[in-house]
Amino acid sequence: MKNVSLFILFFFVVHQAFAHLGGIAGQVKDQRTGQPLTGVVVQLSGTGKATVTNELGRFRFMHLPPATYRIEISHVGFQTLQQAVVVEDDKTTGISVVLAPGDIKLSEVTVSALKPHDVQLITNLDIKLRPVTNSQEILRMVPGLFIGQHAGGGKAEQLFLRGFDLDHGTDIRLSVDGMPVNMVSHAHGQGYADLHFVIPELVQNLNFGKGPYTTDQGNLATAGWVNFQTRKTLDQNFVKLEAGQFDTYRVVAGVNLLPVRKQTDASRLPAPSAYLAAEYQYSNSYFDNPQHFNRFNTQGRYHGHINASTQLTLTGSTFWSRWNHSGQIPDRAVESGLIGFFGSIDPSEGGQTSRTNMNAELVTQTGRNNVLKHQVYYSRYTFELFSNFTFFRNDSINGDQIRQKEARHLFGYNGSYASKFQLGSKTVSSTVGIQYRQDITDGTELSHTLNRTETLERYKYGNINEVNAGAYVDEAISLTDRVQVIAGLRLDWFHNRYTDFLQSPVSTGKASAAIVSPKLNITYTHSPVLQLYLKSGKGFHSNDTRVVVPENGRGILPAAYGTDLGVVWKPFPKLFVNTALWYLWMAQEFVYVGDEGVVEPSGKTRRQGVDVSLRYQITKRLYADIDLNATRPRAIGEEAGRNYIPLAPTFTSTGGLSLQAGRGFSGSFRYRYLANRPANEDNSIVAKGYFVADAQVNYTRPRYQFGLSVQNIFNTRWTETKFAT
């Protein structure tokens with residue numbers, strides 16, 4: 001009875017404490033399109049209380065004493081708004097706010113515990129001002145991420161980040177609107193990520209992270225992850241025509257299928273939107289062997305609100321590309337004069353690929369301001385690539401050309417539930433999610449071919465069926481006004497199945513494995529100009545089904561352990577600095593084997609380094625940025641001097657100037673630098689680095705824009721990808 005009495009007394013006291021408290025609930029929308037804005041910072045001046053808007057643009061403050069509050073709403077690229085709000089006893093005051101577009105002002109960007117170390121400043125304005133010919137190049141905007149094209153523009157680029165030669169995506173997870181881009185157990189390489197199906201003019205912004213520290217990013221997210229977010233609606237219809245050297249042409253257009261209404265009454269339900277966009281590109285490029293590069297893209301999207309609390313987004317797209325390429329060539333062939341710098345040994349190399357996507361997203365806010373998200377997606381993908389890495393070494397008569405080919409069905413589901421609740425005087429933000437992905441291929445093939453037309457011998461040929469089911473939970477709590485802790489746990493289960501058509505009789509093997517990945521992130525926000533953070537976590541990348549099934553599942557999910565210690569600092573109002581010391585240990589590395597045109601696993605590795613990013617606003621319209629990334633990658637268990645990781649970058653830097661203006665002249669000057677790096681394990685062969693600069697200038701009027709883009713403005717001669725074959 002005593003315990004019951006104490007409980008009743010406690011309940012009565014708590015009930016009385018909150019009986020006369022009120023709240024504020026609101027929604028923030030974009031004035032241009034009427035659509036909700038996500039990630040807007042909302043603060044109650046003088047109280048220390050702040051929050052960010054969710055996917056529906058909504059926010060809420062609870063347990064507020066009756067009073068008049070001044071609310072401040074800010075978002076990068078929009079005008080800051082302040083408004084007085086009256087809170088009464090036992091009532092939640094509702095408000096709706098419309099934000100008008102404005103200049104980007106670094107002086108208004110504050111270091112916030114709400115969005116720890118998450119000031120990325122990669123917006124649609126940045127994308128417009130930098131020379132970009134395809135969506136893959138937008139990846140260069142991620143600090144420290146390099147790309148290299150070595151197969152004529154149609155093949156996915158090679159990626160480099162944090163001391164990794166990532167091949168085409170082995171240790172970086174890429175997605176578009178939450179739909180995975182990476183192809184596991186791909187015919188060309190594990191994690192192959194081709195982003196060319198994205199029309200760059202439709203990219204709204206990027207979300208990205210480095211290291212294995214985010215629970216909703218699972219397989220392949222070891223060095224980092226990037227998620228492209230495309231537009232829910234078009235600000236206006238557009239047509240763009242481009243022409244350049246080497247028979248290079250591009251046309252892209254987008255049209256709204258439903259009228260776009262500016263938001264004047266914030267309380268009204270946003271009008272539905274729908275658009276259709278298409279892109280065609282052709283180029284022969286600068287190689288002696290004409291590329292005959294063709295690419296066609298189209299995307300359609302519908303975005304609407306079923307009711308005030310539920311929004312639906314439907315997206316469909318299709319992509320097709322075909323090209324020739326000059327392939328890899330030996331340095332000695334150029335030095336001897338056998339071929340020119342832009343020549344080729346096997347002119348019959350090239351390929352074609354296609355991808356058709358369907359993506360449906362449903363977001364619902366419950367009565368308690370919790371958010372429930374559902375996403376289902378499907379992709380039909382084809383790929384065929386002809387390469388010749390060793391020319392006539394194996395077959396002196398027909399040559400060593402190979403074909404890598406596959407057709408794939410990819411489908412899956414992402415679901416999450418985000419909620420907030422009180423734990424004593426603390427507010428806890430909780431997110432629970434489940435994910436499912438399945439890849440089914442038809443005729444994954446590696447064959448010896450002649451002139452793209454004749455199959456001489458099949459080396460590998462079979463069907464892959466790979467399932468990845470995952471679940472995660474994230475708990476975020478502000479221990480004080482300055483200290484925030486985010487603890488997360490992720491569980492992944494894989495089931496791999498491979499049917500080998502080259503066995504007699506045809507055989508099918510299976511393998512399964514599971515992995516648990518804990519995460520812990522701690523942020524200390526000393527002031528609006530200084531923040532310290534510690535990130536730690538475990539991640540993994542899966543291995544190719546054709547490798548792990550014959551090994552009965554051994555090595556299917558090698559783990560990665562990482563930690564970041566960083567500082568976010570604004571020493572001056574217009575200068576933003578982000579610095580991190582980091583370490584990453586991996587249970588298994590992938591090494592490129594040029595003789596076979598495949599990748600294979602090797603031993604343990606460790607990488608440690610420092611990342612430095614600076615953003616400075618010189619004038620109202622002129623911005624400067626620089627990123628410096630130094631890394632020491634080494635193999636574990638090898639003797640000193642023979643423990644280098646081939647082709648792993650050791651130092652990179654990017655930066656430049658951007659002039660932003662709504663009308664008149666705007667533009668940018670950009671550079672990228674990749675230092676010399678070891679090409680083999682003992683560093684006896686060095687892959688030479690390069691420095692390349694690009695420039696762009698635009699002249700904008702209300703209804704049209706002229707632009708000039710110059711790539712490689714200093715006419716540097718360099719090779720983007722190298723192999724010690």
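One-based numbering along the sequence shown. Values below: all heavy atoms of this structure, side chains included; hydrogens, waters and symmetry mates excluded.
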Discussion item. Applying the side-chain contact (heavy atoms from CB on, under 4.5 Å) criterion to I172, which one of L220, T222, L159, D167 satisfies it?
Written reply: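 Testing each of L220, T222, L159, D167 against I172, the sole residue satisfying side-chain contact (heavy atoms from CB on, under 4.5 Å) is L159.
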Discussion item. Quick check on side-chain contact (heavy atoms from CB on, under 4.5 Å): which of I645, T652, L647 does P649 satisfy it with?
Written reply: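 Testing P649 for a side-chain contact (heavy atoms from CB on, under 4.5 Å) against I645, T652, L647 leaves exactly one candidate, T652.
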Discussion item. With a 6.0 Å cut-off (strictly less than), is the heavy-atom count around CH2 of W585, excluding the residue itself, greater than 12?
Written reply: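 Counting other residues, nucleotides and ligands, CH2 of W585 exceeds 12 neighbours.
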Worksheet item: Counting only heavy atoms not in F572, do more than 12 sit closer than 6.0 Å to its CZ atom?
Response: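 Check fails, neighbour count at 12 or below.
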Fill in: side-chain hydrogen bond (donor to acceptor under 3.5 Å, both in side chains) partner of Q35, chosen from H303, K29, R231
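Of the listed residues H303, K29, R231, the side-chain hydrogen bond (donor to acceptor under 3.5 Å, both in side chains) partner of Q35 is H303.
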Discussion item. Test side-chain contact (heavy atoms from CB on, under 4.5 Å) on N521 and Y533; report intermediate values, then the result.
Written reply: CA-CA 7 Å; N521 301 320; Y533 61 87; over 6 Å; no
Is there a donor-acceptor pair under 3.5 Å between the side chain of [X] and the backbone N or O of [Y]?
X    : Y    : answer
N207 : Q229 : no
Y213 : T563 : yes
D492 : N219 : no
S653 : D627 : yes
D171 : H541 : no
N414 : Q435 : no
N227 : G178 : yes

Worksheet entry | Working for side-chain contact (heavy atoms from CB on, under 4.5 Å), residues T650 and T631 | CA-CA 5 Å; T650 57; T631 309; 5.6 Å; no
Worksheet item: Do Y472 and D216 have a side chain donor and acceptor closer than 3.5 Å?
Response: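 Judged by distance alone, the side chains do not pair up.
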Worksheet item: Is there a donor in the side chain of E475 and an acceptor in the side chain of S430, or the other way round, less than 3.5 Å apart?
Response: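 Looking only at side-chain atoms, S430 and E475 do form a donor-acceptor pair, the distance falling under 3.5 Å.
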So, are [X] and [Y] salt-bridged, with charged N and O less than 4.0 Å apart?
X    : Y    : answer
R670 : D625 : yes
R490 : D474 : no
K210 : D611 : yes

Worksheet item: If you round to the nearest 0.5 Å, how far is CG of L139 from CG of L206?
Response: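 Rounded to the nearest 0.5 Å, the CG-CG separation comes out at 7.5 Å.
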Discussion item. Please evaluate residues F59 and I24 with respect to the criterion side-chain contact (heavy atoms from CB on, under 4.5 Å), reporting the C-alpha separation (whole Å), side-chain torsions for both, the decisive distance (0.1 Å), and the verdict.
Written reply: CA-CA 8 Å; F59 65 91; I24 301 173; 4.3 Å; yes
Practice prompt. Applying side-chain hydrogen bond (donor to acceptor under 3.5 Å, both in side chains), run through Q660 and S666 and close with a yes or a no.
Written response: CA-CA 5 Å; Q660 298 186 355; S666 62; over 6 Å; no
Worksheet item: Where do L584 and R162 land on the side-chain contact (heavy atoms from CB on, under 4.5 Å) test, with the steps shown first?
Response: CA-CA 9 Å; L584 185 66; R162 280 201 162 183; over 6 Å; no
Discussion item. Just so I know, are the side chains of N359 and Q375 near enough to count as touching, which here means a heavy-atom distance under 4.5 Å?
Written reply: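 N359 vs Q375: side chains touch.
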Worksheet entry | Geometric class of the F691/Y671 ring pair [parallel <30°, tilted 30-60°, perpendicular >60°] |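 Correct class here is parallel.
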Worksheet item: Under the 6.0 Å and 45° cation-pi test, does R607 pair with F164?
Response: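 Here R607 passes the 6.0 Å and 45° test against F164.
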Fill in: Least distance between heavy atoms, Q588 atom then P558 atom
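Closest heavy-atom pair between Q588 and P558: CB-CB, 3.5 Å.
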